[in-house]
Amino acid sequence: MIEPLQLSIAQRFEIERMNRAIDATVDAEQLKQIAKQLLQAWQSQRAATAWAIRSQLPEAKPFNAAIT
């Protein structure tokens, strides 16, 4: 059975640090910038995860190459 994903202590501290920064922000423009940075980081992480998964898969032959 696969264990559930667990964040490291460093990751949990970083989340808490960012939560506090967000909570301390009263400027709507600054909150927008934080949200955009987090969105960029999230999508970059998704792309890196997809790349890592693809790099572990065996090289797939094109579908029509099997039909000869």
Indicate every side-chain donor-acceptor pair of residues 44-55 with a distance under 3.5 Å to a residue at least two apart or in another chain.
residue : atom : partner : partner atom : Å
Ser44   : OG   : Gln40   : O            : 2.9
Ser44   : OG   : Gln40   : NE2          : 3.3
Gln45   : NE2  : Thr49   : OG1          : 3.3
Arg46   : NH1  : Gln43   : OE1          : 3.4
Thr49   : OG1  : Gln45   : O            : 2.9
Ser55   : OG   : Trp51   : O            : 3.4
Ser55   : OG   : Ala52   : O            : 2.8

For residues 24-38, tabulate all N or O donor-acceptor pairs below 3.5 Å that involve a side-chain atom, not counting sequence neighbours.
residue : atom : partner : partner atom : Å
Thr25   : OG1  : Ala21   : O            : 2.6
Asp27   : OD1  : Glu29   : N            : 3.3

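Other cluster members for Leu5: none, since no ILVMFWY side-chain heavy atom sits under 4.5 Å from it. As a member of the Ile/Leu/Val/Met/Phe/Trp/Tyr network built from side-chain separations under 4.5 Å, Trp42 groups with Leu39. Here Phe13 sits in one hydrophobic cluster together with Ile9; the rule is ILVMFWY side chains under 4.5 Å apart, joined directly or through other members.
Identified under the salt bridge (Lys or Arg N to Asp or Glu O under 4.0 Å) test for residues 6-15, with sequence neighbours left out: Glu14-Arg17.
Not a single side chain to side chain donor-acceptor pair (under 3.5 Å) links Gln6 to another residue, sequence neighbours left out. Residues passing the side chain to side chain contact (heavy atoms under 4.5 Å, CB included) test with Asp23: none are found, sequence neighbours excluded.
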